[in-house]
Amino acid sequence: MNRRLALAVLPLLLAVTACTSGTADDEPAPRPAAERPSPFRDCATLSTAPTAATPGSGASTPASPGSGTTAPTPGGQALPALTLSCFTGGAPVALGAVAGPAVINVWASWCPPCRKELPAFQRLSERAAGQLQVVGVNSRDSRSGAQSIGEDFGVRFPMLVDQGEALQRELRRNAIPLTLFVAADGQIRHIDATGALDDAALATLVRQHLGLAVPA
């Protein structure tokens, strides 16, 4: 009797097991989450000089005394011969091809002073549009970390990526944040490593080293 009952139940058990297996096998694989769009602008225009800095415009020419614009600091060094990726993709960017005047900020999402000063650089990029370029260099950082900071802080200027700290090695600088003030001739006129810069400090440094008056 027990044997007959077992033989009768066995096909039902096999049918239930096959159905469960088949359902699991037929389930579609979960789709990867769509990549969030970059908050940063692309790097296509970095080799184009700011409109007001083109020859003949007079925007980079020191103004007369009392105008609030001073002659840029003489001398300097050329930007290192490095090629860096753009955060948004596309063709790599030769650092030496970045057209000045430019302010280049080296930062990382794990660096508290970097996070503190980034909004001031964004405001500088807006106030000085047409006079100079503001460019970021994200150093030794995760893409997700940089992306989140860009989104949270409203950072929109173009962003290069330097995961190997090549720029810092070329400049023989270890600490970040690091800010380069690059004149229209492509020469670095000043490298600032004093810590988080605010609007007033940036306006002063731009006036002192690049000869441009930018509202604080």
Side-chain angles (χ1 to χ4, degrees), residues 38-53 59-60 72-73 76 79 82 84-88 93 95 98-143 145-163 165 167-168 171 173 175-184 186 188-216:
S38 168
F40 311 115
R41 293 206 327 266
D42 64 49
C43 304
T45 62
L46 290 183
S47 60
T48 303
T51 307
S60 296
T73 304
L79 282 166
L82 297 173
L84 301 177
S85 299
C86 182
F87 193 94
T88 59
V93 176
L95 198 60
V98 173
V103 174
I104 301 176
N105 178 242
V106 185
W107 68 284
S109 64
W110 45 261
C111 161
C114 300
R115 296 196 301 269
K116 183 178 180 180
E117 69 178 4
L118 273 173
F121 282 94
Q122 176 58 33
R123 290 189 291 270
L124 176 65
S125 73
E126 295 165 3
R127 289 195 298 261
Q131 288 183 280
L132 59 80
Q133 301 197 85
V134 175
V135 185
V137 176
N138 185 239
S139 178
R140 197 162 60 85
D141 203 355
S142 67
R143 182 176 180 86
Q147 171 106 8
S148 294
I149 290 295
E151 293 168 344
D152 294 345
F153 288 69
V155 178
R156 300 291 179 262
F157 49 81
M159 194 64 58
L160 302 176
V161 179
D162 184 13
Q163 297 292 47
E165 300 179 302
L167 178 56
Q168 289 165 256
L171 298 175
R173 304 285 182 129
I176 55 173
L178 202 63
T179 304
L180 284 58
F181 294 83
V182 182
I188 302 172
R189 297 297 170 86
H190 177 67
I191 300 176
D192 190 273
T194 57
L197 298 171
D198 58 18
D199 297 83
L202 277 172
T204 298
L205 290 168
V206 166
R207 182 174 63 251
Q208 180 180 353
H209 299 291
L210 300 182
L212 297 172
V214 175

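Taking Arg156 as the reference, nothing meets the side-chain hydrogen bond (donor to acceptor under 3.5 Å, both in side chains) condition, with sequence neighbours excluded. Applying the side-chain hydrogen bond (donor to acceptor under 3.5 Å, both in side chains) rule to Asp162 yields no partners; only residues at least two apart in sequence or on another chain are considered. Scored by the side chain to side chain contact (heavy atoms under 4.5 Å, CB included) test, Arg173 finds Leu171, Leu178, Ile191, Ala193 as partners (sequence neighbours excluded). Considering only residues two or more places apart in sequence or on other chains, Cys86 meets the side chain to side chain contact (heavy atoms under 4.5 Å, CB included) condition with Cys43, Thr88. Under the side-chain hydrogen bond (donor to acceptor under 3.5 Å, both in side chains) criterion, Thr179 pairs with Asn105, not counting sequence neighbours. In this view, Phe40 and Phe87 satisfy the ring-ring contact (aromatic ring centres under 6.0 Å, His included) rule, not counting sequence neighbours.
Judged purely by atom type and a 3.5 angstrom limit, Thr45 has no side-chain atom pairing as donor or acceptor with the backbone of Thr48. Judged purely by atom type and a 3.5 angstrom limit, Arg127 uses its side chain to pair as donor or acceptor with the backbone of Pro215.
For residues 102-126, the salt bridge (charged side-chain N to carboxylate O under 4.0 Å, His left out) pairs, not counting sequence neighbours, are Arg123-Asp199.
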Side chain to side chain contact (heavy atoms under 4.5 Å, CB included) evaluation trace for Leu79 with Ile104: CA-CA 11 Å; Leu79 282 166; Ile104 301 176; 4.1 Å; yes
How far apart are the C-alpha atoms of Leu118 and Phe157, what are their side-chain angles, what is the distance that settles it, and do they pass the side chain to side chain contact (heavy atoms under 4.5 Å, CB included) test? CA-CA 10 Å; Leu118 273 173; Phe157 49 81; 4.1 Å; yes
Report the C-alpha separation of Phe121 and Val103 in whole Å, then their side-chain angles, then the decisive distance to 0.1 Å, and conclude whether the side chain to side chain contact (heavy atoms under 4.5 Å, CB included) test is met. CA-CA 9 Å; Phe121 282 94; Val103 174; 3.7 Å; yes
Using residues 132-140 as the side-chain source, report each donor-acceptor pair under 3.5 Å to any protein atom, sequence neighbours left out, with the distance given to one decimal.
residue, atom, partner, partner atom, Å
Gln133, NE2, Leu46, O, 3.0
Gln133, NE2, Ala99, O, 2.7
Asn138, ND2, Asp141, OD2, 3.0
Ser139, OG, Gln168, OE1, 2.6
Arg140, NE, Glu165, OE2, 3.1

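Atom CG of Leu124 is separated from atom CG of Leu205 by 10.5 Å, given to the nearest 0.5 angstrom. Between Asp192 atom CG and Leu197 atom CG the span is 4.5 Å, to the nearest 0.5 Å. Between the CD atom in Gln131 and the OG1 atom in Thr51 there is a gap of 10.5 Å [rounded to 0.5 Å].
The shortest heavy-atom contact between Trp107 and Ile176 is C-CD1, 4.0 Å. The nearest pair of heavy atoms linking Ala196 to Pro113 is CB-O, 3.6 Å.
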